[in-house]
Structure formats: C-alpha cells, structure tokens
Amino acid sequence: MNVRTRFAPSPTGHVHIGNIRAAIYNWLFARHEGGQFLLRIEDTDRERSTPEAIQTLLDAMNWIGLDYDKEPLYQSTRIEAHLEAAEQLLSKGLAYKEDKGNTGQGEAIVFRMPDKDMVFHDKMKGTLRKPAESLNDLVLVRSNGTPVFHLANVLDDIEMGITHVIRGDDHIENTYRHVALYEALDAPIPQFAHLPMIVNRQGKPYSKRDGDAFVGDFREKGYLPEALFNYLTLLGWSPGDDREKISRDETISLFDIKRVKSAPAQMDLDKLYWMNGAYLQAMPNDQFKQGCIAVLKKQGLWTETLSEDYIDRVFDLMRERIKCFPDIVSLAGFFFTEEYDYDEKAVNKRIKKEGALDRLLKLKDQFVDLAPFDVETIESVLRGLAEDMGISPGGLIHPVRVATSGLPMGPSLFEMLEVLGKDRVIERIDRTSARFNPNR
RNA sequence: GCCCCCAUCGUCUAGUGGACUAGGACGUCGGGUUCUCAUCCCGGAAACACGGGUUCGAUUCCCGUUGGGGGUGCCA
C-alpha cells in the first residue's frame, strides 16, 4: 500500500508542541512505510494566516527536521471546491439548507448524519463506535457562505490522497462525523490513529499559559532539535526495549504506530534537559564550539580577538559540564569578561570569613613570581602554601575559585587558573580583595 | 445531562494470564572517585486507582465505580 500522511496546521505564528509531535508521528509513520508525508496549510483564517505566521511554521518544521514531499497545499485555494462539493451533497439529498433565523444572512448547508451507529477502526485504540442518536447533523457551509473545518478537512484529505490520518485524540468525536462524510462523498475512508494529548503538571492540556508550549520556546532556550525530536518521540511511544537515545534513522526503522500509548503524557523538562545534554556530549567538537560561540555572541560576551587556542582550552574545560548551550554563559562567562558576578553565598563562605583575604593575598604573592604559570607549578605552590599555613588545600582552592570566577563551582581549578593566565588571576584577586576588604 | 477516550513509581515508560520479590530512564536520596561542580561507579526510596467477576492463577481479560480528558458550535 502506498502510504500518505499529512500535517495540516493552521498557521498562527506559533507551533504548538502537541502539534509538532503529531507532525513527527505522521512523518515517522510515512518514512517508516516508505510513503509520503505532505503538508497542508489551513490558512482560511486570513486574519491570522499572515506570511510571517506561515514562515514561522515552515521554519519550525525545517528546524526540527521534518521534510515534506510535494509542495504544500494552501487550503485557501480550495474554497471553490469545498462549496461545490457541498452543493453536490445538497443535490443528492444528503444535505439540506437551514436558516436558524438568527443570522439574517441566508441559509447554511447542513449535512444529514446517517441514522446508524458510526464505527471506525483506530490503529492505536482499536474499534471505536458511537451511537447514532448521539451524533447531530453537521453544518458544512455557514450562512455567510464559508465552508467549515470538517468539510474542508475531509475534502482536502481526499484531494491529497491521504491514506492515514494521525492526529490528536481530541479529534475522535470529529472522526465519527468525518467517516459519514467520506461515505456520503463516496470516497475511500482513510485509516485513523488518534494520539493522546500532551498535558501539563495539572493534567490539563498543555497550553501557552504553561510556558514552553511552542517549538520556538525550546529553540530560543538553546535546545538541540535532535534532542527535542528524540524526547517528543518518546512521549507516548517506545521501541519496546530500554533504548532511549535513538537516532532519527533508527527511530524511523523502529517506529510502529501500534506501539503508541493511548494515555496522555506529561512533559518532563528535566528529562528533556538531560537528553539535550546527552546529545551535546556526543556532538563533534567543532559543532559544540560553534554552538557555544553563538550563545556568547548573543549575550555580548564574545570578542573576535580571542585566540583560537584560548577558546579551545576553555571549551575543553567546559565540555562535560554543559547540557544546554546557554549553560556556557552561567558556568563559564567569567572566561570572557572581567565583569563577572559574584555568587553571594560563595563570597560569604569563602571570602568574607576571618583571615580568608589574608591567605588569598599571600597566595597571590606566590603567584607573582611564578614561572611558568601552569597547572603543575600552580598546584605545587598552592599546596605548599597550604601546608605552611597548616590548612587543607581546600582552604585556598575555594577562595581563589570564588575570587577569580565568582562561582562556587567550575572546572578543575589549576587548569582554570592556567587558562585565565597569571596577569588576570593576580588582577582578579586584587580586585576581589579590594571589593570585599572590610577594613577598606 | 448525554456520548466518546484514558488509567503501572513524582515524570516518561517495559509489561499483552504464570518467567513479576513488577524492569529501565529522568528526577530524588545515600555512598565512592575528586580541589568544587559536572562526569563516572555503587546503592536506596518510589507504582499496577478502587470494587466485583472470569480463571488453578490476574498488572495483564470482562463489568462497574472513581478520577482525568475530550465532544455535544454556523471554532479549528
């Protein structure tokens, strides 16, 4: 069978995370089956469907890696066909005109639901049925002459030759009615699969009010498209074994719509963050560098004069500690500016303690004449001084770290100081000392 | 109200009548490695919503209850 699926969003300027997941499943199914994945843009709401909104949609799909076959079909080009089909249903007696009297604009065209229980087979949920008496007739064309979603949706799916409709399970109710429409239109009925929704912490459908509801939100926060893709893929589906980090190609070959869960799933941002870290760790060095640099530039921390050697060494130090590109700013910003912030708690604990500054300055004195200023010499001087002072190395290590980076944690201190360089280390210790000296 | 869908650790899930003292992952807690953080390693706590059936035997099948969601639009 020649499988053909589609993604049919209405462009609103944002792409909802639930919609993109539905798109992903359609895409995966089509790719797995060697079929086609098409895009239909439901742009009949001219108010919202601006060129920018459409571009946002296309960008989001491109970013997360959903390529589509053929040119997108714009629903607005199909209105004539929709109206014509409604007329035909009318002439066949399968629909009727009605004026509820409250519009004053004319008569609507209403589809007469057949007097029988509606049944369809859902690829995930099994056989679904609904009694005839619970299905009302369905408006196809409004009294103002515009076709409604149901008519347009079904007609366009027929036009595009869609064989499998994979969508959110909020559409189950519609499907009973759509099936009746397919029959009335004498068109082959596609297979359906209804995905559970993505819900928020309260178990309610994920909405924009929950934040992080749109693809763009994750992109802006520096998430990797492949990580989001992988995470979303696992939100409702699993390969059946313990694999979790699964490449795109592997997912395509493993994907089975029958293995999609039928219960709603909740976004777990912690796990997404973890997965992003897994992809970041696995990425080639150069790509990692470029990603970090992009964020630094955005934050105004980047200077073109930095030597290649310096940035390589910084990124080497940070490589294992970063799970999302923006982390480079909070964890390593001090490598790129003298105006780094001091962590208040760390300062209280390591700098403002009795005698801490004196010890720090003594260490600085040792640094002044140190040559070379490298990991080995720094470490031996520091440990030697600690021993002379009768304190543990940590008694010096922690204060220097806070003084030179502002942070209570970070990369290996000796390497960090070496990369920073002697002059800057001394300067930073002096500056810190002046700033927090109580006797000033 | 009526109709439809759903129900395993906090979260994502494995599980399709016995292999389950219910497995994995994220998170969390404890320990180890270490100059801190991260990584890594070891270990712990943590779930089959409830009640009836069916069966020699139910997480697994059926019914009901409860809870959540959706629909019942001239919205999509």
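By convention in this document, chain letters (A, B, ...) are assigned in the order of the sequence lines, proteins followed by strands, and residues within each chain are numbered from 1.
- Using a 4.0 Å heavy-atom distance criterion, A:Gly410 is classed as a base contact.
- Across all strands shown, A:Leu413 has heavy atoms under 4.0 Å from base atoms, whether or not it also approaches the sugar-phosphate.
- Annotation: the span from A:Leu57 atom CG to A:Glu52 atom CD amounts to 13.0 Å, rounded to 0.5 Å.
- A:Arg129 comes within 4.0 angstrom of sugar-phosphate atoms only, judged by non-hydrogen atoms across all strands, and of no base.
- Ion pairing of A:Arg321 with A:Asp327 is absent here, as no side-chain N (NZ or NE/NH1/NH2) approaches a carboxylate O to less than 4.0 Å.
- Between the CG atom of A:Leu135 and the P atom of B:rG70 there is a distance of 19 Å, rounded to whole Å.
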side-chain hydrogen bond (donor to acceptor under 3.5 Å, both in side chains) assessment of A:Thr233 paired with A:Tyr25 = CA-CA 7 Å; A:Thr233 269; A:Tyr25 283 15; 5.9 Å; no

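- In this structure, A:Glu42 reaches the sugar-phosphate backbone alone: every heavy-atom distance under 4.0 Å involves primed, P, OP1 or OP2 atoms, never a base.
- Distances from the side chain of A:Trp274 to the nucleotides B:rA76, B:rG27, B:rC35 place B:rG27 closest.
- Ion pairing of A:Asp43 with A:Arg48 is absent here, as no side-chain N (NZ or NE/NH1/NH2) approaches a carboxylate O to less than 4.0 Å.
- In the set B:rC37, B:rG24, B:rC5, B:rC5 carries the atom at the smallest distance from any side-chain atom of A:Lys125.
- One atom, CZ of A:Phe325, and another, P of B:rA38, lie 21 Å apart when rounded to the nearest Å.
- When both distances must be under 3.5 Å, the Watson-Crick or G-U wobble mate of B:rA25 is B:rU11.
- Checking B:rC26, B:rA76, B:rC3 against every side-chain atom of A:His171, the shortest atom distance belongs to B:rA76.
- Residue A:His178 contributes atom NE2, which lies 12 Å from atom C1' of B:rG71 at whole-angstrom precision.
- The nearest whole Å value for the distance from the CG atom in A:Asp327 to the C1' atom in B:rU39 is 14 Å.
- Of the candidate nucleotides B:rG71, B:rC74, B:rC12, B:rC12 has the atom lying nearest to any side-chain atom of A:Glu244.
- When the P atom is compared between B:rC56 and B:rU65, the two are found 28 Å apart, to the nearest whole Å.
- Under the 6.0 Å distance and 45° angle rule, A:Arg112 does not count as a cation-pi partner of A:Tyr96.
- Taking atom CE of residue A:Met118 and atom C1' of nucleotide B:rG71, one finds them 16 Å apart after rounding to whole Å.
- For B:rG30 and B:rA22, the P atoms lie 26 Å apart once the distance is rounded to whole Å.
- In this structure, A:Gly168 reaches neither bases nor backbone, as no heavy-atom distance under 4.0 Å exists between it and the strands shown.
- The 12-atom threshold is exceeded at CZ of A:Arg431, counting heavy atoms of other residues, nucleotides or ligands nearer than 6.0 Å.
- The CD-C1' distance, from A:Glu47 to B:rC75, rounds to 15 Å in whole Å.
- Residue-to-nucleotide contacts include no donor-acceptor pair under 3.5 Å from the side chain of A:Asn153 to the base of B:rA76.
- Picking from B:rC37, B:rA25, B:rC35 the nucleotide with the shortest atom distance to the side chain of A:Ile397 gives B:rC35.
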### Query
What's the verdict on side-chain hydrogen bond (donor to acceptor under 3.5 Å, both in side chains) for A:Thr146 and A:Asn144, showing C-alpha distance, side-chain angles and the deciding distance?
CA-CA 6 Å; A:Thr146 59; A:Asn144 69 3; 2.7 Å; yes

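- Candidate nucleotides B:rC6, B:rU13, B:rA76 were compared by shortest atom distance to the side chain of A:Ala265, and B:rU13 ranks first.
- Between B:rC3 and B:rC63, the two P atoms lie 15 Å apart (nearest whole Å).
- Within 4.0 Å (heavy atoms only), A:Gln266 reaches sugar-phosphate atoms of the nucleic acid but no base atom.
- A 3.5 Å limit on both hydrogen-bonding distances identifies B:rG71 as the Watson-Crick or G-U partner of B:rC2.
- Pairing for B:rA49 goes to B:rU65, judged as Watson-Crick or G-U wobble with the two contacts each under 3.5 Å.
- For A:Ala108, the side-chain atoms get nearest to B:rC74 when compared with the rest of B:rA7, B:rU13, B:rC74.
- Closest-nucleotide positions on RNA chain B for A:Glu98 and A:Thr127 were compared, and the one nearer the 5' end corresponds to A:Thr127.
- Distance check on atom P: B:rU55 versus B:rC20 gives 26 Å, rounded to whole Å.
- If you check B:rC35, B:rA76, B:rC26 against the side chain of A:Phe414, the one that comes closest is B:rC35.
- For the pair A:Glu250 and A:Arg248, the salt-bridge criterion is not met [side-chain N within less than 4.0 Å of a carboxylate O].
- Residue-level contact check: A:Arg350 touches neither bases nor backbone, having no heavy atom under 4.0 Å from any strand.
- Following rounding to the nearest Å, A:Asp343 (CG) and B:rU36 (P) show an atom-to-atom distance of 17 Å.
- Here B:rA7 is the nucleotide among B:rC4, B:rA76, B:rA7 with the atom lying nearest to any side-chain atom of A:Ser262.
- Put simply, the side chain of A:Ser143 and the base of B:rC74 share a donor and an acceptor less than 3.5 Å apart.
- A:Tyr176 comes within 4.0 angstrom of the backbone, heavy atoms only, and of no base.
- B:rA58 and B:rG51 are spaced 15 Å apart, taking the C1' atom of each and rounding to whole Å.
- For A:Pro131, counting side-chain heavy atoms from C-beta on, the closest listed nucleotide (B:rA25, B:rC3, B:rU11) is B:rC3.
- Nucleotide B:rC35 is matched to nothing when pairs are restricted to Watson-Crick or G-U wobble geometry with both distances under 3.5 angstrom.
- Here B:rU36 presents its P atom at 16 Å from CG of A:Leu317, a figure rounded to the nearest Å.
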